[in-house]
Amino acid sequence: MKKNILKGNDLISIDQLDKNIILSIFKTADKIKKIKPKKALNILKGKVVALLFFEPSTRTFSSHCVAVKRLGGQTIEHQNPMQTSSVVKGETIEDMIKIMEQYSDAIVIRHPVAGTAQICAKTAGIPIVNAGDGIGEHPTQALLDMYTIYEKFKTLDGIKGLMVGDLLNGRTIHSLLKGLSFFKNSIIYLLSPKVLRLSKKELDEFCRRGIKLIEINNLNDIPPDLHFWYWTRVQKERFSDKNEYEKLKLSFILSKDLVDRKAGKKTLLMHPLPRVGEIKTEVDNDPRAVYLTTQAKNGMYVRMALLKMILE
Ligand code: NCD
């Protein structure tokens with residue numbers, strides 16, 4: 001059997017993985033999905049995972065939580081520790097992590113400051129999973145997004161997609177582009193307000209990695225028959241000027257008319273969620289729309305696979 005290199009390790013950036021590891025996570029997720037785990041699988045029996053969420057979360061928190069529980073493990077849950085933990089009294093994140101290490105077998109952390117998950121990984125002697133660090137990365141989201149595309153098209157080579165919205169601040173975008181760069185011949189069309197484009201540095205970096213990035217200027221420029229459209233919200237919490245946010249937030253809206261005009265028969269309509277108006281609810285019942293269904297549910301299976309591989 002091949003060595004499981006995730007075992008006992010942190011997951012801070014998708015860059016710690018490679019094509020083979022990603023495919024082995026998908027294989028594990030497939031197996032778990034087939035068992036349809038109504039009952040806990042006992043894989044994490046006796047293990048405790050601490051969930052420390054310093055930023056709001058619905059899916060990432062709940063799916064990690066349910067992933068642990070469906071695998072037979074238990075959780076310590078701190079949502080909003082800025083108000084409910086000793087951080088209020090001035091405790092440092094390093095001290096909090098050292099304490100959680102005494103109680104648990106792994107820590108899943110979300111934090112508003114990019115780089116914090118890395119600091120925690122240096123501090124802790126147990127695995128740290130980055131559940132989103134500011135505008136940095138969101139590696140588990142990229143894994144579930146890639147798994148959703150892989151499940152549909154049976155490959156991640158030669159994938160053509162569209163990414164729309166806040167490409168500058170969206171950590172899901174950053175991790176997804178990095179993840180896709182492990183596979184061959186991707187072409188990704190990018191559509192965002194001018195001030196929310198990927199930075200020049202990132203554009204150059206991704207080109208160097210072999211992804212072809214093509215910036216387009218409006219919805220009419222979307223080419224036909226893409227494998228996926230990945231819509232994102234403008235990240236309000238990253239704006240110091242809220243008027244600027246208001247001006248930009250609905251720059252590009254995914255409507256039924258747009259889907260009818262521009263999507264292919266098999267184009268996956270994706271969004272990491274939450275959406276705040278940029279996808280009209282009239283799109284929700286389209287069979288190609290997976291953001292409220294398959295994509296979100298795959299988050300649970302992929303996180304089960306990941307936690308199994310890190311903790312077994
Ligand atoms: C994303 C995040 O937190 O980065 N949400 C998520 O985890 N599914 C996207 C977002 O908040 O816009």
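Counting starts at 1 for both ligands and their atoms, following the listed order.
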Give the residue and atom name of whichever protein heavy atom lies nearest to [atom], and the separation in Å to one decimal.
atom                   : answer
atom 6 (C) of ligand 1 : L273 O, 3.5 Å
atom 4 (O) of ligand 1 : R171 NE, 2.7 Å
atom 8 (N) of ligand 1 : P272 O, 2.9 Å

Hey, are [Y] and [X] close enough side-chain-wise for a donor-acceptor pair under 3.5 Å?
X    : Y    : result
S63  : R303 : yes
T148 : N298 : yes
N130 : E137 : no
H138 : R110 : yes
D284 : Y291 : yes

When only distance counts, is [X] in polar contact with ligand 1, meaning an N/O pair under 3.5 Å?
X    : answer
Q141 : yes
R233 : yes
T60  : yes

With a 4.0 Å cut-off on heavy atoms, is E55 in contact with ligand 1?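 E55: no contact with ligand 1 (<4.0 Å).
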
Would you say T232 touches ligand 1, if touching means a heavy atom closer than 4.0 Å?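 Outside the 4.0 Å threshold, so no.
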
Mark up the atoms of ligand 1 that fall under 4.0 Å of a heavy atom belonging to H138, in ascending order.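 Selected atoms, number and element: 2 (C), 4 (O), 6 (C), 7 (O).
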
With atoms numbered from 1 as shown, which atoms in ligand 1 lie under 4.0 angstrom from a non-hydrogen atom of P274?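 Within the 4.0 Å cut-off of P274, ligand 1 contributes 10 (C), 11 (O).
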
Check the orientation of H111 and F54. Use parallel for under 30°, tilted for 30 to 60°, and perpendicular for over 60°.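 Geometry flag for F54 against H111: tilted rings.
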
Minimum heavy-atom distance L219-K262, with the two atoms named: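 Heavy atoms of L219 and K262 come nearest at O-CE, 3.9 Å.
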
